[in-house]
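Everything quoted here is computed from the prediction, not taken from an experiment.
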Amino acid sequence: QLQLVESGGGLVQPGGSLRITCTASGFTSDYYAIAWFRQAPGKEREGVSCISSSRGGTNYADSVKGRFTISRDNVKNTVYLQMNSLKPEDTAVYYCAARRFSICVLSSGEYNYWGQGTQVTVSS
(Lines give C-alpha, C1' and ligand atoms only; values in the text may rest on other atoms or scores of the structure.)
Protein backbone atom coordinates (compact mmCIF):
# COMPACT_ATOMS: atom_id res chain seq x y z
CA GLN A 1 0.00 0.00 0.00
CA LEU A 2 1.18 3.52 -0.72
CA GLN A 3 2.76 5.31 2.21
CA LEU A 4 3.86 8.81 3.21
CA VAL A 5 6.24 9.40 6.12
CA GLU A 6 7.01 12.77 7.70
CA SER A 7 10.17 13.56 9.60
CA GLY A 8 12.15 16.50 10.93
CA GLY A 9 9.75 17.95 13.46
CA GLY A 10 10.89 19.16 16.83
CA LEU A 11 11.19 22.09 19.20
CA VAL A 12 12.40 25.45 17.92
CA GLN A 13 12.51 28.95 19.38
CA PRO A 14 10.38 31.76 17.97
CA GLY A 15 12.16 33.28 15.00
CA GLY A 16 14.02 30.07 14.32
CA SER A 17 13.94 27.72 11.37
CA LEU A 18 13.09 24.10 10.79
CA ARG A 19 12.88 21.84 7.76
CA ILE A 20 10.45 18.94 7.69
CA THR A 21 10.44 16.16 5.14
CA CYS A 22 7.82 13.98 3.49
CA THR A 23 8.99 10.79 1.82
CA ALA A 24 6.69 8.70 -0.39
CA SER A 25 6.99 4.99 -1.03
CA GLY A 26 5.05 2.77 -3.41
CA PHE A 27 5.00 5.41 -6.13
CA THR A 28 7.09 8.26 -7.41
CA SER A 29 6.00 11.84 -6.83
CA ASP A 30 6.43 12.82 -10.47
CA TYR A 31 2.71 12.79 -11.26
CA TYR A 32 1.31 13.62 -7.84
CA ALA A 33 0.71 16.92 -6.16
CA ILE A 34 2.00 16.99 -2.58
CA ALA A 35 0.69 19.20 0.21
CA TRP A 36 1.45 20.02 3.81
CA PHE A 37 -1.37 20.43 6.30
CA ARG A 38 -1.22 21.18 9.99
CA GLN A 39 -3.51 20.79 12.96
CA ALA A 40 -3.16 22.41 16.35
CA PRO A 41 -5.09 21.26 19.43
CA GLY A 42 -8.67 22.45 19.30
CA LYS A 43 -8.34 23.77 15.77
CA GLU A 44 -9.36 22.55 12.36
CA ARG A 45 -6.86 21.10 9.93
CA GLU A 46 -5.30 23.86 7.88
CA GLY A 47 -3.64 23.75 4.49
CA VAL A 48 -0.12 25.15 4.70
CA SER A 49 1.52 24.68 1.32
CA CYS A 50 1.46 22.44 -1.71
CA ILE A 51 3.57 21.74 -4.75
CA SER A 52 2.41 20.56 -8.15
CA SER A 53 4.03 17.89 -10.26
CA SER A 54 3.82 20.15 -13.30
CA ARG A 55 6.80 22.49 -13.23
CA GLY A 56 6.77 22.44 -9.44
CA GLY A 57 4.22 25.21 -9.07
CA THR A 58 3.41 26.07 -5.47
CA ASN A 59 0.67 27.49 -3.27
CA TYR A 60 0.90 28.86 0.25
CA ALA A 61 -1.53 29.78 2.95
CA ASP A 62 -1.56 33.50 3.69
CA SER A 63 -0.41 32.80 7.22
CA VAL A 64 2.90 31.33 6.05
CA LYS A 65 3.51 33.22 2.83
CA GLY A 66 7.00 34.67 2.76
CA ARG A 67 8.18 32.49 5.64
CA PHE A 68 7.77 28.92 4.38
CA THR A 69 9.14 27.36 1.20
CA ILE A 70 8.08 24.02 -0.27
CA SER A 71 10.28 22.04 -2.66
CA ARG A 72 10.50 18.53 -4.04
CA ASP A 73 13.08 15.99 -5.14
CA ASN A 74 11.30 13.64 -7.52
CA VAL A 75 14.24 11.24 -7.73
CA LYS A 76 14.03 10.68 -3.98
CA ASN A 77 10.22 10.92 -3.90
CA THR A 78 10.67 13.55 -1.22
CA VAL A 79 9.07 16.90 -0.47
CA TYR A 80 10.49 19.45 1.94
CA LEU A 81 8.97 22.31 3.85
CA GLN A 82 11.50 24.90 4.94
CA MET A 83 10.00 26.96 7.76
CA ASN A 84 11.65 30.24 8.68
CA SER A 85 10.73 33.01 11.12
CA LEU A 86 8.67 30.53 13.08
CA LYS A 87 5.98 31.81 15.43
CA PRO A 88 4.29 30.13 18.38
CA GLU A 89 1.10 29.94 16.34
CA ASP A 90 2.91 27.65 13.90
CA THR A 91 2.89 24.96 16.59
CA ALA A 92 0.97 21.97 15.27
CA VAL A 93 1.21 18.46 13.97
CA TYR A 94 2.24 18.73 10.34
CA TYR A 95 0.96 16.18 7.84
CA CYS A 96 1.92 15.57 4.25
CA ALA A 97 -0.60 14.37 1.70
CA ALA A 98 -0.64 13.34 -1.96
CA ARG A 99 -3.28 13.58 -4.65
CA ARG A 100 -3.30 11.85 -8.01
CA PHE A 101 -3.51 15.02 -10.05
CA SER A 102 -0.70 17.24 -11.16
CA ILE A 103 -2.06 20.52 -9.80
CA CYS A 104 -2.02 21.07 -6.06
CA VAL A 105 -4.75 22.56 -3.91
CA LEU A 106 -4.98 23.30 -0.20
CA SER A 107 -8.22 21.43 0.41
CA SER A 108 -7.75 18.29 2.50
CA GLY A 109 -10.67 16.47 0.88
CA GLU A 110 -8.84 16.38 -2.43
CA TYR A 111 -5.96 14.22 -1.17
CA ASN A 112 -5.82 10.44 -1.40
CA TYR A 113 -2.85 9.56 0.79
CA TRP A 114 -1.76 10.86 4.18
CA GLY A 115 1.20 10.50 6.47
CA GLN A 116 1.15 10.07 10.23
CA GLY A 117 2.34 13.57 11.03
CA THR A 118 5.31 15.18 12.73
CA GLN A 119 5.09 17.53 15.70
CA VAL A 120 6.45 21.05 15.36
CA THR A 121 6.58 23.11 18.55
CA VAL A 122 7.62 26.77 18.54
CA SER A 123 8.32 27.99 22.05
CA SER A 124 10.94 29.84 24.05
Side-chain angles (χ1 to χ4, degrees):
Q1 192 162 336
L2 303 180
Q3 184 173 322
L4 301 172
V5 178
E6 303 94 337
S7 62
L11 175 65
V12 63
Q13 294 182 343
S17 297
L18 196 67
R19 188 183 74 168
I20 55 177
T21 299
C22 174
T23 300
S25 62
F27 64 95
T28 66
S29 61
D30 298 39
Y31 304 105
Y32 295 80
I34 306 293
W36 287 99
F37 295 84
R38 66 186 182 187
Q39 188 164 23
K43 297 185 179 297
E44 298 298 317
R45 187 166 51 191
E46 173 190 20
V48 177
S49 182
C50 63
I51 186 164
S52 300
S53 63
S54 58
R55 294 179 280 110
T58 59
N59 290 311
Y60 296 92
D62 289 341
S63 59
V64 306
K65 184 174 61 177
R67 299 188 297 119
F68 291 11
T69 302
I70 191 169
S71 61
R72 67 192 299 164
D73 183 337
N74 288 335
V75 174
K76 297 181 178 180
N77 299 326
T78 299
V79 172
Y80 306 96
L81 185 66
Q82 178 68 46
M83 302 180 289
N84 298 326
S85 301
L86 283 162
K87 306 173 181 179
E89 51 263 45
D90 295 317
T91 296
V93 177
Y94 283 70
Y95 301 89
C96 66
R99 70 190 296 252
R100 292 184 286 186
F101 294 96
S102 62
I103 305 301
C104 80
V105 295
L106 290 177
S107 177
S108 61
E110 299 296 323
Y111 287 83
N112 306 103
Y113 309 103
W114 290 82
Q116 299 279 63
T118 186
Q119 176 71 48
V120 173
T121 302
V122 184
S123 176
S124 60

Evaluate the ring planes of Phe68 and Tyr94, with Trp represented by its six-membered ring, and classify them as parallel (under 30°), tilted (30 to 60°) or perpendicular (over 60°).
tilted
Ser49 and Leu81, any side-chain heavy atoms less than 4.5 Å apart:
yes
When rounded to the nearest 0.5 Å, the distance separating CD1 of Ile51 from CH2 of Trp36 is 12.0 Å
If you compare all heavy atoms of Gln39 against all heavy atoms of Arg45, which two are closest, and at what distance to 0.1 Å?
NE2-N, 3.8 Å
Could you check whether atom CZ of Phe101 has more than 12 heavy atoms from other residues, nucleotides or ligands sitting under 6.0 Å from it?
no
How long is the span from the OG atom in Ser123 to the CG atom in Asp90, to the nearest 0.5 Å?
12.5 Å
Applying the 4.5 Å side-chain criterion to the ILVMFWY set and letting contacts propagate, would Tyr60 and Val105 be lumped into a single cluster?
no
Compare every heavy atom of Asn84 with every heavy atom of Ser17, then report the nearest pair and how far apart it is.
OG-OD1, 2.8 Å
Could you tell me if Glu46 and Ser63 have a donor-acceptor pair between their side chains, going purely by distance under 3.5 Å?
yes
Is there a side-chain contact (heavy atoms from CB on, under 4.5 Å) between Cys22 and Arg72 once you walk through the steps?
CA-CA 9 Å; Cys22 174; Arg72 67 192 299 164; over 6 Å; no
Write down the atom of Cys104, the atom of Gly57, and the distance for their closest heavy-atom approach.
SG-O, 4.4 Å
Sidechain-backbone polar pair: Asn59 side chain, Leu106 backbone, donor-acceptor under 3.5 Å:
no
Determine whether the side chains of Tyr111 and Arg99 contain a donor N or O and an acceptor N or O closer than 3.5 Å.
no
Any Ser52 side-chain heavy atom under 4.5 Å of Ser102 side chain
no
Linked, directly or transitively: Leu18 and Val93 (ILVMFWY side chains, under 4.5 Å)
no
Any side-chain heavy-atom pair of Thr69 and Tyr80 under 4.5 Å:
no
Say whether, by atom type as modelled, one donor and one acceptor occur between the side chain of Thr78 and the main chain of Lys76 under 3.5 angstrom.
yes
Specify the closest pair of heavy atoms between Glu6 and Gln116, including all atoms of both residues, with the distance to one decimal.
OE1-N, 3.0 Å
May I have all residue pairs that pass disulfide (SG to SG under 2.5 Å) and include part of residues 54-89, sequence neighbours excluded?
none
Stepwise side-chain contact (heavy atoms from CB on, under 4.5 Å) test for Val64 and Met83:
CA-CA 9 Å; Val64 306; Met83 302 180 289; over 6 Å; no
Spacing of Gln82 atom CD and Ile70 atom CD1 [to the nearest 0.5 Å]:
12.0 Å
On a heavy-atom basis, the closest approach of Phe37 and Ala97 is CE1-CB, 4.1 Å
Without swapping roles, check the side chain of Thr91 against the backbone of Val122 for a donor-acceptor pair under 3.5 Å.
yes
Do Tyr113 and Tyr95 belong together in a cluster built from hydrophobic side chains that touch within less than 4.5 Å?
no
